[in-house]
Amino acid sequence: MTRRTWLLCLIPFALSAQVTSDQLVKAAQDPKNWLTYNGSYMSQSYSTLAQITPANAKNLEQKWVFQVDSLQKFENRPLVVNGVMYLTQPPNDVVALDARTGRAFWMYRYNNAADARHCCGAINRGLAILGDTLFMGTVDAHLVAIDARSGRPLWDTKVAEGNAGYALTLAPLVVKDKVIVGVAGGEYGIRGFIAAYDVKTGKEAWKFYTIPGPGEPGHDTWEGDTWKFGGASIWVTGSYDPELNLTYWGIGNPGPDWNPSQRKGANLYSDSVVALDADTGKLKWHFQFTPNDPYDYDSVQVPVLVDTAWRGRPRKLMLWANRNGFYYVLDRVTGEFLSGNSFVKVTWAKGLDDAGKPIVTPQPTNTPVFPGVQGGTNWYSPSYSPRTGLFYISAWEDYASIFLPQEVEYKEGLSFTGGRPVAPIIGARSPSLRANQINAGAAESIGYGSVLAIDVRTGQKKWKFDMIDVTDAGILTTASDVLFTGGREGYFHALDARTGALLWKGSVGGQVSAAPVTYELDGKQYVAVAAGHAMFVYGLRE
Amino acid sequence: MRLELWLGIALTSLSLAAQEHVGQYAQADIERGSRLYAVNCASCHGVGGDTIPNVDLKSGRFRNATSDEDLAKVITNGLQGTAMPPHKFDAAELKGVVSYLRTMREFGMGAVALGEASRGKSVLEGKGACLSCHRVEGKGSRVAPDLSDIGSIRSASALERSLLDPNAAMLPVNRPVRAVTKAGRVVTGRRLNEDTYSVQLMDDKENLVSLNKADLREYKVISTSSMPSYKDKLSASEMADLLAYLLALKGTN
């Protein structure tokens, strides 16, 4: 054998790395796989697959189900790479499944520290992948790298102190040679940060505190020591623009959640979006949605990046339906506010000024504030279809809370919420992120769920699909103009993305609290969604 | 000890022990606990303690604890594999939280006058004619909600409100509905569940009925209760007796 032949023999092995950096940049052009939490760096939750259409969606049938061995809330949005589905069994077990049959190749079990404190459930929303390595954040605030072929751990980096209320619940974002995460813990008086780690070693590359320290711009938006435990957590994955080399992240509520008099000032960068240099973590710009927030209106929504004509010229936009009930369009190069309007009933502000700042209208004590504590929308992945020009969100309509602020002292590791929100109807259950029961009294007078389609050109609603119960489901659209989503009622829906008409529904018997994904195998399109305590996968009847 | 013995015998007989609660725990502890509860517990468990499935703190329905010591252990250590995190409370704070959990149903019942439960039973079965719609321990109609454990799930003041002003106190989920099918059949009843496509109800003949909304010509949720107000129907002492009886209804198992 010549030396050259030897080399040729080696090539298949040398090329075996599954997902390259370039593939991640071009993920939208690789619709057979689902390579990042929101499908691409633009986070449009849109796929160019088009085999399932409005005409044949009625022929969808269940192909397989994978039940997780956990009764924790299942908010996972899986990855699919070359026929393998990677999901997290709550909270932090990673499972590799055959995406055809749902049969497991391997499972990696991670044991969280017993003293980990996390506010709202032992949750994990997903994984990231680069090469042959999967990355997972844990509820005890570690970042773990796992071999995607064997399920063996490669490295484990402690990101923050789990017993001080820090947790990682989001899917990490890989950009070039770094894996980026942010810390949850907005109900525990953490000081939030976003940090990047070397994909090979797990060594910290940069760290951006979401609350500026002494001497940094914005520090004066906090009074006294309040910046040290002011929250500003991160619990949903950001986006990335490779041309600008900027990564965008939504930042959570300031703490204590409901008592703003304990933290006077705008409380930057809580309830903001930040644009960071992906190599250094340096802040390029920020935009704050809700200054000095008294309602827990986290801005952890997914930054949806769209390149389209805006008022007659092509522009790099960012679309943002915020928990505070307003829909915003920003220029993502500069952070400039372009337009905004409410998309559900809003009473805490009467509108936005020319700079996008809310014109606040505080409601009298003990009266309902719209939207309520879970917001007009929340962390549920929205979708944008370049074909329809519509932006799709899961909304909570006509939904209010009464906010009861209370003085609270910060103690490390203890809940730091400063009061409580209550339902406007005495004795009625308020819809909450925790409630698992279907339609548990969440009747008409305390809000209902809907899918809203907003025309990006006008900011106005194009159509609306109403449900009885509220929804925590994310949204997926495809190039055949089919929209997939679910809700609390235990259905998985296919809607016509142009009209909102129901095309098909499947019973999943438990609430959908995640966004669907789609992939192609053997020339067949599949759609997968986590619901209840199982992953359900559908395809067309053959 | 007596409390623990009861709890050891049957978890659900907690409700019996609940009668012992007021007085057993120091008011200062209860008040301290209520403040800690609002800040540390209510965001997941809800103000009323019942937002986690199968857990109802105020009626003593716990999944992982029977004694006060168990409760303290769960609060301190959390429950691995669940959303319940550990908490750093000092001894006095912990005592406060446990005291509050054990008394939260009674906490704030304040100004409601309670009479004699045995006389209240006669009011319920006689003058009040409550059993013509409600059911208690196997007696009466199923058309309105069963009251056999109402004392575990409602405070005295909420019960009083329901009796005086049923429309205002009616929970959305209990609203009566009226449906007319495309074939003209009229169905009226109490809504048990509803989603975007269907509604499940108990009709006025005690049948469990599920209707597809697509098959209906008319579907209306009625916001007035069919229960009469007892404001002018019962004397103050009859009302106090009835409330005492309702509060004593803790379920049969």
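Reminder, nothing fancy here: chain letters follow the sequence lines and each chain counts from 1. In what follows, every heavy atom counts, from backbone to side chain, and hydrogens, waters and symmetry copies are set aside.
For A:K464, the NZ atom is densely surrounded, since the number of other residues' heavy atoms within 6.0 Å is greater than 12. Within 6.0 Å of the NZ atom in B:K73, the count of heavy atoms belonging to other residues, nucleotides or ligands does not exceed 12. Within a 6.0 Å sphere centred on CD of A:E407, other residues, nucleotides and ligands contribute more than 12 heavy atoms.
Neither the backbone nor the side chain of B:Q200 has a heavy atom closer than 4.5 Å to any heavy atom of chain A. Contacts of A:L404 with chain B are absent, with no heavy-atom separation under 4.5 Å from either backbone or side chain.
How far NE2 of A:H118 is from CE of B:M84: 10.5 Å, rounded to the nearest 0.5 Å. To the nearest 0.5 Å, atoms CG (A:D115) and OG1 (B:T76) are separated by 13.0 Å. Taken to the nearest 0.5 Å, the CD atom of A:E187 stands 12.0 Å off from the CG atom of B:N40. In this structure, CD in B:E194 is found 14.0 Å from CE in A:M467, a value given to the nearest 0.5 Å. The distance from the SG atom of B:C41 to the CZ atom of A:R420 is 11.5 Å, given to the nearest 0.5 Å.
Inter-residue side-chain proximity for B:T196 and A:D466 is flagged as unmet; no heavy-atom pair is nearer than 4.5 Å. Side-chain contact between B:K88 and A:E412 is present, with at least one heavy-atom pair separated by less than 4.5 Å.
Here the closest heavy-atom approach between residue B:P85 and residue A:A116 is recorded as CB-O, 4.3 Å. A pairwise comparison of heavy atoms in A:K411 and B:E93 identifies NZ-OE2, 2.9 Å as the closest pair.
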Practice problem: Output, in order, the C-alpha distance, side-chain angles, deciding distance and verdict of side chain to side chain contact (heavy atoms under 4.5 Å, CB included) for B:K213 and A:I468. | Solution: CA-CA 12 Å; B:K213 291 181 181 175; A:I468 290 287; 3.5 Å; yes

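The aromatic rings of A:Y491 and B:Y197 sit perpendicular, their planes meeting at an angle over 60°, well past the 30° parallel limit.
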